[in-house]
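Reviewing the structure listed below.
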Amino acid sequence: MDGSKRSSHGNAYFTGFGRTKRIVFFDTLISRLKGEEIEAVLAHELGHYRLRHVAKRIAWTFAVSLAFLWVLGYLMRQQWFFTGLGMESPSTAGALQLFILVLPVFTFLLQPLISLYSRRHEFEADAFAARYAAASDLVRALVKLYRDNASTLTPDPLHSAFYDSHPPAALRVARLRASPQGG
Ligand SMILES: [Zn+2]
C-alpha cells in the first residue's frame, strides 16, 4: 500500500477471506525495516491467517449481532421502552430509531472485551511469528514501528486495557524475549 503520500506511519495487516485474502504492507514499513525484520512481520501476519483470526472475528460479530436483534425484538414489544424514551405511539420504525440511539451507551461497555480479544490475537500472532521467524527480528521491527508511529511505549494501563487493539510494545517485546526462540 502506498502510505507514504499520506503519512510516515508504517503498518502491515492481514485482511479478507477466501480469494480476497491478502497481507498488506505499507511502503513506509518496507523502506524502514531490514529484510529479516520484514520477514518477521510477515510471519506475524501469516499467524493471523493461519489461526483464522478474521473468520473468528466475523463469527463473533455475527453472534453478537443476533443477540442485539433479539434484544430489539423484545424491546419493541414493551410499552415502557417507547414511553420511557419519550415516544408516544409505538411503531417498528420508531423502535429501530430508539434502539440505534441508545445502543452506544451499552456497546461502550463491550469495548474492553473487544480490545482484550483483539490483543489476545496479537499475542497469538506474535507467538506464531516467533516459531517461524526470529523473535529478535520481530522485536526490532516492533520497536521501529511503535517509534515511527509515535505510539507511546508506556501507555496508561487503564486506558490501554479499555481501548487498545494492540498490546503495549513493552509487553509484546517481553513475551517475545521470553519465547523459546527469543533472546
Ligand atoms: Zn497483528
Side-chain angles (χ1 to χ4, degrees), residues 1-65 107 110-183:
M1 178 190 281
D2 177 3
S4 56
K5 284 207 181 81
R6 273 158 284 165
S7 80
S8 60
H9 281 199
N11 208 347
Y13 58 89
F14 169 75
T15 186
F17 51 91
R19 291 179 61 183
T20 66
K21 62 179 175 289
R22 65 202 59 200
I23 287 170
V24 179
F25 281 95
F26 280 37
D27 56 347
T28 36
L29 177 143
I30 291 176
S31 67
R32 280 284 287 138
L33 301 188
K34 295 204 186 83
E36 316 82 71
E37 293 164 357
I38 294 173
E39 248 175 49
V41 174
L42 180 63
H44 171 98
E45 300 305 331
L46 283 170
H48 281 309
Y49 161 66
R50 199 74 176 79
L51 302 165
R52 306 176 57 79
H53 286 163
V54 172
K56 285 178 187 168
R57 192 176 283 252
I58 290 172
W60 267 108
T61 306
F62 183 69
V64 171
S65 301
T107 50
L110 292 177
Q111 186 58 49
L113 288 178
I114 296 167
S115 301
L116 184 71
Y117 187 63
S118 175
R119 290 197 301 271
R120 202 175 77 184
H121 282 177
E122 293 309 320
F123 279 130
E124 285 176 11
D126 279 352
F128 182 91
R131 282 204 299 279
Y132 294 98
S136 53
D137 285 327
L138 187 57
V139 168
R140 268 193 296 278
L142 282 174
V143 171
K144 277 187 196 173
L145 290 176
Y146 275 82
R147 187 188 293 147
D148 290 358
N149 295 346
S151 300
T152 174
L153 294 175
T154 52
D156 175 69
L158 188 63
H159 183 278
S160 174
F162 205 95
Y163 289 109
D164 286 355
S165 64
H166 285 59
L171 230 58
R172 292 179 74 178
V173 168
R175 285 219 194 173
L176 281 165
R177 292 215 168 116
S179 68
Q181 297 86 348

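What you are looking at is a predicted structure, and each value in this text was computed from that prediction instead of being measured. Whatever order the structure lists ligands and atoms in, that order sets their numbers, starting from 1. What's counted below: heavy atoms across the whole structure, side chains too, no hydrogens, waters or symmetry copies.
Not a single N, O or S atom of H166, from either the backbone or the side chain, sits less than 2.8 Å from the Zn ion (ligand 1). Because the distance cut-off is set at 2.8 Å, H44 qualifies as a neighbour of the Zn ion (ligand 1) through one of its N, O or S atoms. Within the coordination shell of the Zn ion (ligand 1), defined by N, O or S atoms under 2.8 Å, D126 is absent.
Within E122, the N, O or S atom at minimum distance from the Zn ion (ligand 1) carries the name OE1.
When the shell of 6.0 Å around CZ of R175 is examined, it contains 12 or fewer heavy atoms from other residues, nucleotides or ligands. More than 12 heavy atoms of other residues, nucleotides or ligands shown are found within 6.0 angstrom of NZ on K56. When the shell of 6.0 Å around CZ of F14 is examined, it contains more than 12 heavy atoms from other residues, nucleotides or ligands.
Side-chain atoms of R119 come within 3.5 Å of backbone atoms of D164 as a donor-acceptor pair (strictly under, hydrogens ignored).
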